[in-house]
Amino acid sequence: MVTGGRGGLMERSRSRIWRPVSEMLEKLVSLVTIRNETVRQGLAEALGTFLLMIFGLGSVAQVVLGKHKFGEYLSINLGFGFGVMLGVHAAGGISGAHLNASITFANCVVGNVLWSKLPAYVIGQFFGSFAAAAVVFALYYGALQDYTGGNLTVTGPTATAGIFATYPAPFVS
């Protein structure tokens with residue numbers, strides 16, 4: 001007795017085609033899955049910190065290099081806010097999304113994170129920050145050259161170092 005007509009035949013044919021594809025995808029996922037929890041957490045911190053810094057530094061670069069015509073202080077606040085939101089969303093479920101070495105250190109001090117995981121977290125955060133700064137520098141390279149006339153400085157009227165770092169005010173010793 002044949003049941004299902006042509007529809008049943010099509011479903012069986014489809015399942016024969018998709019079964020090898022599904023098995024292949026499962027093998028691929030198991031191949032690229034990182035099983036070491038500490039490595040996963042360090043990479044999650046790198047991704048989360050990268051997202052935080054790419055949005056934050058990008059917003060600062062837009063405001064500074066646009067000579068305050070394409071954004072103001074609020075733009076920078078929103079950029080960092082969205083960066084934190086995305087970083088926490090990306091890394092929160094894996095590492096807790098500390099996104100800052102001082103937060104990781106404080107969590108180690110109070111016992112929420114093992115001291116043995118501190119290096120992985122800090123290295124991930126360090127790498128994510130520097131990778132984001134490099135991407136922002138590359139994306140805004142032409143604007144940086146145009147704004148500074150090719151002379152990148154830390155202080156002065158066309159200082160651009162403040163895009164990537166913070167410095168104390170001149171009156172602070």
Side-chain angles (χ1 to χ4, degrees), residues 34-173:
I34 299 170
R35 289 173 182 81
N36 186 315
E37 182 184 28
T38 304
V39 172
R40 269 197 336 261
Q41 291 170 334
L43 291 172
E45 286 293 315
L47 176 62
T49 307
F50 177 83
L51 290 170
L52 162 62
M53 297 307 287
I54 199 84
F55 276 86
L57 297 178
S59 63
V60 173
Q62 182 71 27
V63 170
V64 171
L65 300 176
K67 301 175 184 169
H68 296 274
K69 294 178 185 168
F70 303 107
E72 291 294 329
Y73 189 66
L74 179 62
S75 305
I76 296 170
N77 294 334
L78 290 172
F80 273 103
F82 283 121
V84 168
M85 178 188 68
L86 291 172
V88 168
H89 183 69
I94 299 167
S95 66
H98 301 166
L99 310 180
N100 188 314
S102 62
I103 302 299
T104 305
F105 180 76
N107 274 292
C108 288
V109 168
V110 297
N112 292 338
V113 174
L114 297 174
W115 284 100
S116 61
K117 293 186 179 208
L118 180 69
Y121 275 69
V122 172
I123 289 168
Q125 294 157 354
F126 190 79
F127 175 75
S129 295
F130 272 90
V135 169
V136 169
F137 184 82
L139 288 174
Y140 283 94
Y141 184 76
L144 283 162
Q145 295 302 312
D146 183 57
Y147 182 76
T148 62
N151 185 21
L152 302 176
T153 59
V154 175
T155 60
T158 59
T160 54
I163 295 172
F164 303 100
T166 56
Y167 297 94
F171 55 83
V172 177
S173 58

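Treat the numbers as computed from the prediction; the structure is a model and nothing was measured.
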Quiz item: Is there a side-chain contact between Leu99 and Ile103, using heavy atoms and a 4.5 Å cut-off?
Solution: no
Quiz item: What do you reckon, is CZ of Phe80 surrounded by more than 12 foreign heavy atoms closer than 6.0 Å?
Solution: yes
Quiz prompt | Approximate separation, where rounding is to 0.5 Å, of Asn107 CG and Lys117 NZ | solution = 12.0 Å
Quiz prompt | Value rounded to 0.5 Å, distance of OG1 in Thr160 from OH in Tyr140 | solution = 13.5 Å
Self-check item: Within-4.5 Å side-chain heavy-atom neighbours: His98 and Val113
Solution: yes
Exercise. Quick one: pull up CZ in Phe50 and CZ in Phe130 and give me the separation to the nearest 0.5 Å.
Key: 14.0 Å
Quiz prompt | Over 12 foreign heavy atoms within 6.0 Å of CZ, Phe126 | solution = no
Quiz item: Which heavy-atom pair separates Ala132 from Leu57 by the least distance, and what is that distance?
Solution: C-CD1, 4.5 Å
Practice problem: Give a yes or no on this: more than 12 heavy atoms of other residues, nucleotides or ligands lie within 6.0 Å of atom CZ of Phe164. | Solution: yes
Quiz item: Taking all atoms of both residues into account, what is the closest heavy-atom pair of Ala91 and Gly48, and its distance?
Solution: CB-CA, 4.2 Å
Quiz prompt | Residue pair Ala161 / Val154: nearest heavy atoms and the distance that separates them | solution = CB-CA, 3.7 Å
Quiz item: Distance from Phe127 atom CZ to Leu43 atom CG, nearest 0.5 Å?
Solution: 9.0 Å
Quiz prompt | Within-4.5 Å side-chain heavy-atom neighbours: Ile163 and Leu65 | solution = yes
Quiz item: Does a side-chain heavy-atom distance below 4.5 Å link Tyr147 with Val64?
Solution: yes
Quiz item: Is there a donor-acceptor pair under 3.5 Å between the side chain of Thr49 and the backbone N or O of Ala46?
Solution: no
Quiz item: If every non-hydrogen atom of Pro119 is compared with every non-hydrogen atom of Trp115, which pair is closest and at what distance?
Solution: CD-O, 3.6 Å
Self-check item: Thr104 side, atom OG1; Asn112 side, atom CG - distance, nearest 0.5 Å
Solution: 11.0 Å
Exercise. Evaluate side-chain hydrogen bond (donor to acceptor under 3.5 Å, both in side chains) for Glu45 paired with Ser95, printing each intermediate quantity in order.
Key: CA-CA 7 Å; Glu45 286 293 315; Ser95 66; 2.6 Å; yes
Practice problem: Mind listing the closest non-hydrogen atom pair of Gly87 and Ala97 along with its distance? | Solution: O-CB, 4.1 Å
Quiz item: Can you name the closest pair of heavy atoms from Cys108 and Leu114 and give their distance?
Solution: SG-O, 3.8 Å
Quiz item: What is the distance from atom CD1 of Ile123 to atom CG of Leu118, rounded to the nearest 0.5 Å?
Solution: 9.0 Å
